[in-house]
Amino acid sequence: MSGPKEAQQAAELTYTISELAAEFGITARAIRFYEDQDLLQPERDGIKRVYLRRDRGRLKLILRGKRVGFSLSDIGEMLALYDPNNESREQLKLTLGKSRDRLAILRRQRQDIDEVIAELEDGCRQISDLMETQTETS
DNA sequence: TTTCTTACA
DNA sequence: TGTAAGAA
């Protein structure tokens, strides 16, 4: 109970890239990639990356954004104004707008899919009827 | 062992 | 983003 790990944990809650990768089920490579895209800006202990709580929070938001289909650049814009303390109204406004855009896109896609499904169902129906007719005739 | 960078797929 | 290579 006196190793460097405990001492550091008592000082300030920090994470290594591998810890975050394990926690969120992604690879360290992905985390470094997000940094390249300016979505994350961890501290440095020499050459080692040191992630603080706000980095962890940002990563969580990045992954949530990806899940719903936002591009990394969109996420970057939303995160640019992200402040764990005072949620800027601009930030919220931007995110709300992008969310509504995404919703509109998904709804249109769902409609398109429903239409294609209907066409295929109709096509299958016609083929089935044709086959039954041929069976009866031959 | 773990992490880093760089380069290529 | 995965993988590979070589360094720290």
Side-chain angles (χ1 to χ4, degrees):
Chain A
M1 275 295 258
S2 59
K5 193 172 184 178
E6 288 72 14
Q8 181 183 57
Q9 188 174 56
E12 52 184 305
L13 357 243
T14 198
Y15 312 82
T16 64
I17 194 170
S18 58
E19 290 175 336
L20 288 182
E23 181 182 349
F24 292 106
I26 58 181
T27 63
R29 176 74 175 83
I31 296 176
R32 297 191 191 98
F33 182 73
Y34 299 150
E35 183 182 336
D36 282 335
Q37 305 300 304
D38 295 311
L39 271 50
L40 289 175
Q41 30 225 236
E43 306 287 300
R44 291 275 183 165
D45 172 22
I47 193 179
K48 306 292 187 183
R49 270 169 266 246
V50 177
Y51 298 87
L52 305 182
R53 273 186 171 175
R54 78 118 176 304
D55 297 309
R56 190 207 175 235
R58 287 187 143 233
L59 182 54
K60 182 173 290 184
L61 291 178
I62 291 171
L63 298 178
R64 179 189 300 172
K66 279 197 55 184
R67 239 193 311 142
V68 299
F70 286 126
S71 67
L72 290 185
S73 61
D74 278 336
I75 296 174
E77 288 180 51
M78 299 187 271
L79 243 40
L81 298 68
Y82 175 62
D83 186 319
N85 305 306
N86 66 306
E87 286 286 4
S88 149
R89 321 313 168 198
E90 276 190 74
Q91 202 269 19
L92 297 176
K93 181 180 178 183
L94 179 68
T95 300
L96 178 60
K98 286 185 179 297
S99 294
R100 286 176 169 159
D101 288 343
R102 192 90 243 297
L103 225 38
I105 291 174
L106 290 172
R107 284 174 172 146
R108 177 188 159 177
Q109 293 185 321
R110 179 167 64 187
Q111 179 175 35
D112 289 341
I113 290 175
D114 286 339
E115 290 176 10
V116 175
I117 286 176
E119 284 185 48
L120 287 172
E121 291 179 331
D122 188 59
C124 287
R125 202 175 305 127
Q126 288 182 42
I127 295 175
S128 292
D129 293 345
L130 177 60
M131 290 179 78
E132 282 183 36
T133 298
Q134 295 181 320
T135 298
E136 293 169 19
T137 303
S138 60

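This is a predicted model, so every value here is computed, not measured. Below, chains carry the letters A, B, ... as their sequence lines are ordered, and counting in each starts from 1.
Atom CZ of A/R44 and atom C1' of B/dC4 are 8 Å apart (whole Å). Atom-to-atom, CG of A/D36 to P of B/dA7 comes out at 12 Å; the value is rounded to the nearest Å. Remark: C1' of B/dT2 and CG of A/D45 are 13 Å apart, rounded to the nearest angstrom. Note: CZ (A/R32) to P (B/dA7) measures 16 Å, nearest angstrom. Atom P of nucleotide C/dT1 and atom CD of A/Q37 are separated by 9 Å, given to the nearest angstrom.
In this structure the side chain of A/Y51 never reaches within 4.5 angstrom of the side chain of A/T16, judged on heavy atoms. Within the 4.5 Å cutoff, side-chain heavy atoms of A/L72 are placed close to those of A/K66. A 4.5 Å side-chain heavy-atom check between A/L59 and A/I26 finds at least one atom pair inside the cut-off.
The A/F33 side chain lies nearest to C/dT1 when the options are B/dT3, B/dC4, C/dT1. Nearest to the side-chain atoms of A/I47 among the listed nucleotides C/dT1, B/dT2, B/dC4 stands B/dC4.
Residue A/E115 places its CD atom among more than 12 non-hydrogen atoms of other residues, nucleotides or ligands, all under 6.0 Å distant. Dense packing is recorded around CZ of A/R44, with more than 12 heavy atoms of other residues, nucleotides or ligands lying under 6.0 Å away.
Using a cutoff of 4.0 Å between basic side-chain nitrogens and carboxylate oxygens, A/R56 and A/E23 are scored as salt-bridged. Note on A/R108 versus A/D112: salt bridge recorded, some NZ/NE/NH1/NH2 to OD/OE distance being below 4.0 Å.
Residues from residues 51-65 of chain A placing a heavy atom under 4.0 Å of any atom in DNA chain B do not occur.
In the hydrophobic clustering of ILVMFWY residues, with side-chain heavy atoms under 4.5 Å counting as a link, A/L63 and A/V68 come out together.
Look at A/T27 and you won't find any side-chain N or O under 4.0 angstrom from OP1 or OP2 of C/dT1. An OP1 or OP2 oxygen of B/dT3 is reached within less than 4.0 angstrom by a side-chain nitrogen or oxygen of A/S18. The side chain of A/R49 places no N or O atom within less than 4.0 Å of a non-bridging phosphate oxygen (OP1 or OP2) of B/dT3.
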Can you give me the N/O atom pairs linking the protein to nucleotides 3-8 of chain C at distances under 3.5 Å, or say none if there are none?
unit_1: C/dT3; atom_1: O4; unit_2: A/R29; atom_2: NE; d: 3.0

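The only member of A/K98, A/K93, A/Q91 that meets side-chain contact (heavy atoms from CB on, under 4.5 Å) when paired with A/T95 is A/Q91.
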